[in-house]
Amino acid sequence: MQTPTSPTYAPAYLAAELRLPTNALDYTILAIYFVVVLGIGFAARRSVKTSLDFFLSGRSLPAWITGLAFISANLAATEILGMAANSAQYGAYTVHWYWIGAIPAMVFLGLVMMPFYYGSKVRSVPEFLLLRFDRGAHLLSSILFAFAAILIAGVNLYALAIVVEALLGWPQWVAIVVAGFFVLAYITLGGLSSAIYNEVLQFFVILAALIPLVVLSLKKVGGWDGLTHKLTETHGANFTTAWGGTGIGHANPLGANWLTIVLGLGFVLSFGYWTTNFAEVQRALSAKNLSAARRTPLIAAFPKIFIVFLVMIPGLVAAAVVPKIGTPASGLQYNDAIPYLMQELLPNGVLGIAVTGLLAAFMAGMAANVSSFNTVFTNDIWAKYVVKDREDSYYVRFGRLITAIGVLASVGTAFLASSFSNIMSYLQTLFSFFNVPMFVVFIVGMFWKRASVKSGFWGLLAGTTAAMVNYFVLYKKDIIHIPTDQGANFVSAIAGFVAGAVVMVAVTLFTKPKPEAALQGLVYGTRSPGMAEAPAPGDEAWYRKPALLGWGAVVLAAACYIPFSF
């Protein structure tokens with residue numbers, strides 16, 4: 001565990017000496033981007049006539065739009081900085097977060113879970129729990145998700161502020177106000193459609209920022225062979241492999257063995273995040289039909305396979321060229337990897353694109369969480385339990401109001417991330433607390449008809465409690481020894497999953513199940529009219545078939561593991 005006196009401790013703020021030599025050209029590129037963002041918001045406003053339009057884009061978007069928005073919402077700057085930090089700290093083990101920790105779960109979401117979500121016509125993930133279990137499970141999951149969404153939006157805003165302060169010299173409060181204003185403006189104007197179309201733009205801007213950085217980084221260290229040779233000399237052979245040293249009882253940079261990687265990250269954390277995180281699922285629910293909804297995460301899976309190289313390589317290069325990065329001796333922390341390389345390698349113009357890409361990534365991540373927060377809070381909390389049965393226009397107005405409140409609340413939670421040198425560790429901690437317990441409730445309820453209506457609430461509560469107890473009590477108080485924060489997150493995820501499942505089974509044995517007639521379309525093996533939807537014209541083409549897309553993504557991800565396995 002990291003403490004202020006441990007050798008791997010680093011302050012949360014980016015190094016002040018990372019000031020970028022930006023000029024008028026760079027700021028012009030940045031200004032053009034912000035103008036386009038607001039323009040998309042104003043254009044999308046014309047399509048918002050009902051609450052369904054505001055919260056789910058009227059379920060009208062094509063699969064390629066929702067697929068790119070799905071991956072862009074995930075490709076926030078917290079991932080870009082966090083996964084580069086992961087690579088600088090742990091090495092090539094970062095590939096596990098993508099090829100084990102994302103692709104299988106994204107395929108499972110598209111092939112197995114989207115028919116239940118989309119076919120049941122729910123507006124949110126918590127609303128599905130209302131149909132499958134009861135109001136207790138629904139309300140608790142809504143509150144937990146809304147709380148987590150604001151915390152994660154706060155991470156994006158906090159990371160944005162410290163990056164902009166270090167790179168451009170803007171005071172933190174200026175960066176927070178500017179970014180918060182633009183996110184608030186375009187979501188309030190155009191609702192989810194505005195967020196999604198901006199996320200598609202942001203996806204390409206992010207790629208334009210990262211690709212030149214990766215190319216120049218590799219050139220600096222003599223290509224891939226030069227990079228691996230230098231890292232092997234300074235960090236050991238396991239630093240550049242995916243599985244080296246992961247045998248049970250062996251030491252490795254990640255501080256986790258193959259079992260906790262496969263179960264903790266590959267199954268529990270991964271499936272918990274990708275299948276229940278409404279910030280992602282909301283993009284698929286906005287698709288025009290069930291086929292497009294199923295293809296949304298599958299289309300996103302293909303760029304996800306290769307994005308790991310764009311975030312991992314800069315982190316590895318930083319570890320190679322900055323001795324003892326992440327320690328006071330270097331003056332840089334792990335989160336500094338990408339900003340440091342931007343400062344060292346990028347010329348003006350390209351530098352403006354890179355800064356714009358980082359800002360775009362921050363705004364994409366924040367917008368995804370704010371838009372999912374306003375949907376859940378409005379539909380699942382306010383409309384269900386506080387102000388019921390009002391006219392549709394009322395909930396559109398309230399959705400815009402709660403968007404503003406959500407942005408302000410995320411400002412207040414931004415500084416909770418300051419105790420983590422690696423912001424990805426903080427995010428994984430949140431996922432183990434909130435997403436994993438929700439996943440176990442979903443998976444048990446979706447595949448076991450006998451699971452009773454009361455088991456959902458108690459399973460969710462037990463899973464969340466167990467994960468928090470493991471992290472804050474057993475790990476933080478050193479009752480059990482776990483070498484790293486990430487290793488502790490994997491164990492917390494497993495503890496939350498097991499506790500939730502055990503409690504659900506125990507409660508089910510003593511309570512009544514839901515009538516089988518009420519489970520149609522909610523439990524695997526049953527169907528609803530929406531799930532039996534006929535293919536739209538043109539959907540017969542092979543590249544539109546979810547099963548082929550899904551298995552193709554899994555095979556491609558597995559093939560990518562081969563060069564990193566030894």
Side-chain angles (χ1 to χ4, degrees), residues 1-4 6 101 126 129 133 136-152 154-155 248 254-257 259-273 275-277 413 416-445 451 454-510:
M1 143 182 23
Q2 291 184 358
T3 65
S6 68
L129 293 185
F133 294 102
H138 172 252
L139 180 59
L140 179 59
S141 64
S142 300
I143 292 172
L144 289 176
F145 178 83
F147 185 62
I150 291 300
L151 285 175
I152 297 171
V155 178
I248 295 176
L254 185 58
N257 58 54
L259 185 62
T260 55
I261 291 172
V262 172
L263 291 182
L265 174 62
F267 177 60
V268 181
L269 271 173
S270 169
F271 279 67
Y273 174 80
T275 64
T276 67
N277 184 22
T413 62
L416 292 178
S418 63
S419 61
F420 284 76
S421 172
N422 181 337
I423 55 178
M424 187 51 62
S425 293
Y426 175 62
L427 288 176
Q428 295 289 319
T429 301
L430 295 180
F431 297 153
S432 70
F433 292 168
F434 300 113
N435 292 98
V436 168
M438 196 176 296
F439 170 64
V440 71
V441 172
F442 266 89
I443 210 69
V444 172
K454 298 297 182 185
S455 66
F457 171 83
W458 292 108
L460 187 59
L461 184 62
T464 302
T465 303
M468 289 183 172
V469 167
N470 179 79
Y471 189 85
F472 290 117
V473 179
L474 301 182
Y475 168 59
K476 284 295 187 181
K477 295 185 179 300
D478 215 20
I479 296 174
I480 60 173
H481 176 69
I482 304 174
T484 64
D485 282 342
Q486 290 288 25
N489 292 333
F490 297 165
V491 176
S492 295
I494 294 172
F497 184 89
V498 171
V502 169
V503 169
M504 286 190 74
V505 172
V507 171
T508 294
L509 296 178
F510 296 97

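In this chain, numbering begins with 1 at the start of the sequence shown. Not measured: the values here are computed from a predicted model.
- Interatomic distance, Trp458 CH2 to Leu140 CG, rounded to the nearest 0.5 Å: 10.0 Å.
- Ring geometry for Phe439 against Phe267 counts as perpendicular: the plane angle is over 60°, on a 0 to 90° scale with 30° as the lower cut.
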Could you list the donor-acceptor pairs under 3.5 angstrom formed by side chains in residues 492-509, with sequence neighbours left out?
{"from": "Ser492", "atom 1": "OG", "to": "Asn470", "atom 2": "ND2", "distance (Å)": "2.7"}
{"from": "Ser492", "atom 1": "OG", "to": "Ala488", "atom 2": "O", "distance (Å)": "3.0"}
{"from": "Thr508", "atom 1": "OG1", "to": "Ser452", "atom 2": "N", "distance (Å)": "3.3"}
{"from": "Thr508", "atom 1": "OG1", "to": "Met504", "atom 2": "O", "distance (Å)": "2.7"}

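- With contacts defined as side-chain heavy-atom distances shorter than 4.5 Å, the pair Ile443/Phe271 does not qualify.
- Of the options Ile152, Val268, Thr276, a side-chain contact (heavy atoms from CB on, under 4.5 Å) to Phe431 is made by Ile152 and by none of the others.
- Between Phe472 and Phe433, the ring planes are tilted. Angles from 30° to 60° get that label.
- Atoms CE and CG, on Met438 and Asn277 in that order, are 9.0 Å from each other to the nearest 0.5 Å.
- For Ser432 and Asn489, the side-chain atoms include no donor-acceptor pair closer than 3.5 Å.
- Within the 3.5 Å criterion, the main-chain N or O of Leu461 finds no donor-acceptor partner in the side chain of Thr464.
- For the residue pair Val441 and Leu460, the shortest heavy atom distance occurs at CG2-N, 3.5 Å.
- For the atom pair OH (Tyr273) and CG (Leu265), the distance works out to 13.0 Å, reported to the nearest 0.5 Å.
- Between the OG1 atom of Thr429 and the OH atom of Tyr475 there is a distance of 8.5 Å, given to the nearest 0.5 Å.
- Of all heavy-atom pairs between Phe133 and Gly445, the closest is CZ-CA, 3.6 Å.
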